[in-house]
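One structure is given here, and the rest of the page talks about it.
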Amino acid sequence: SAEVVRQPALGFLHPDEAAQIQEKLSAFRKTPESVKHFELRLVHKDGSFRTVEGRAKSTVGSPHLNGTLLTFHDNTDRRNREEELQLFHTAMEQTEAGILLFEVREGAPEAIVYTNPAWSRLSGDKPGETVSQAVDPVFADTAVATALRESLLDGLARSGDSTFAY
């Protein structure tokens with residue numbers, strides 16, 4: 001922490017965001033009784049960037065601090081996961097392969113939780129029509145569904161997962 005004491009706060013910001021944050025802080029100083037939340041990128045010591053959720057709170061009038069208290073929470077991993085999920089979702093929506101996603105749980109019927117547009121074209125169902133339905137009626141041959149369930153439960157018991165895409 002000794003390395004950052006007395007350093008300009010905006011020096012840690014991504015260059016593209018410094019001016020925007022300066023404007024937000026200026027506006028904040030005009031209404032200091034409020035707490036402001038924002039997201040920005042900070043420059044890490046190694047030169048990489050971290051996506052953080054920031055919070056600004058006025059400490060004007062406080063006996064120990066007189067200014068603005070800034071706190072940050074690192075959201076880099078969460079933001080990266082969101083971007084990966086969005087990319088995965090886009091791929092599932094645009095593929096020509098029909099995707100049926102259902103949840104498998106011990107002692108409970110498998111429920112369909114997602115179908116992509118290609119599944120709707122293959123099955124003739126309206127988009128989302130089979131979501132929340134049990135898997136058995138979708139597969140007319142219940143022996144197939146039973147064998148699939150047993151195989152999945154065996155694999156899931158070893159992996160600890162609860163979802164399977166077919």
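The figures here come from the full heavy-atom set of this structure, side chains too, leaving out hydrogens, waters and symmetry mates.
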Holding to side-chain hydrogen bond (donor to acceptor under 3.5 Å, both in side chains), I want the full list of residues that pass it with [X], two or more places apart in sequence or in another chain.
X      : result
Ser120 : none
Asn80  : none
His44  : Asp46, Arg50
Gln86  : Thr90

Next on the checklist: When you group the ILVMFWY residues by side-chain heavy-atom contacts below 4.5 Å and let the links chain together, are Leu42 and Phe38 in the same group?
Outcome noted: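 They do share one cluster, since a chain of ILVMFWY contacts under 4.5 Å joins Phe38 to Leu42.
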Nearest-0.5 Å distance that lies between atom [atom1] in [X] and atom [atom2] in [Y]:
X      : Y      : atom1 : atom2 : value
Thr51  : Asp74  : OG1   : CG    : 8.0 Å
Glu129 : Ile112 : CD    : CD1   : 10.5 Å
Asp77  : Glu82  : CG    : CD    : 11.5 Å

Please identify each residue that fulfils salt bridge (Lys or Arg N to Asp or Glu O under 4.0 Å) with [X], with sequence neighbours left out.
X      : answer
Arg121 : Glu96
Lys45  : Glu3
Glu39  : Arg78, Arg79

Residue pair [X] / [Y]: nearest heavy atoms and the distance that separates them:
X      : Y      : value
Val52  : Phe72  : CG2-CD2, 3.7 Å
Trp119 : Asp125 : NE1-OD2, 3.9 Å
Ala118 : Thr95  : CB-O, 3.6 Å

Checklist entry - Which ILVMFWY residues are connected to Phe49, directly or by a chain of links, through side-chain heavy atoms under 4.5 Å apart? => result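 Phe49 clusters with Val43.
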Checklist entry - Just by modelled atom types, is the Gly98 backbone N or O under 3.5 Å from a matching donor or acceptor in the Asn116 side chain? => result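 Flag not set: sc Asn116 to bb Gly98 has no pair under 3.5 Å.
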Next on the checklist: I'd like to know if the side chain of Glu17 and the backbone of Arg41 have a donor-acceptor N/O pair within less than 3.5 Å.
Outcome noted: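 Checking the backbone N and O of Arg41 against the side chain of Glu17, a donor-acceptor pair under 3.5 Å is found.
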Item to check | Qualifying ring pair (Phe, Tyr, Trp, His ring centres under 6.0 Å) pairs, either residue in residues 79-98, two or more places apart | outcome: none
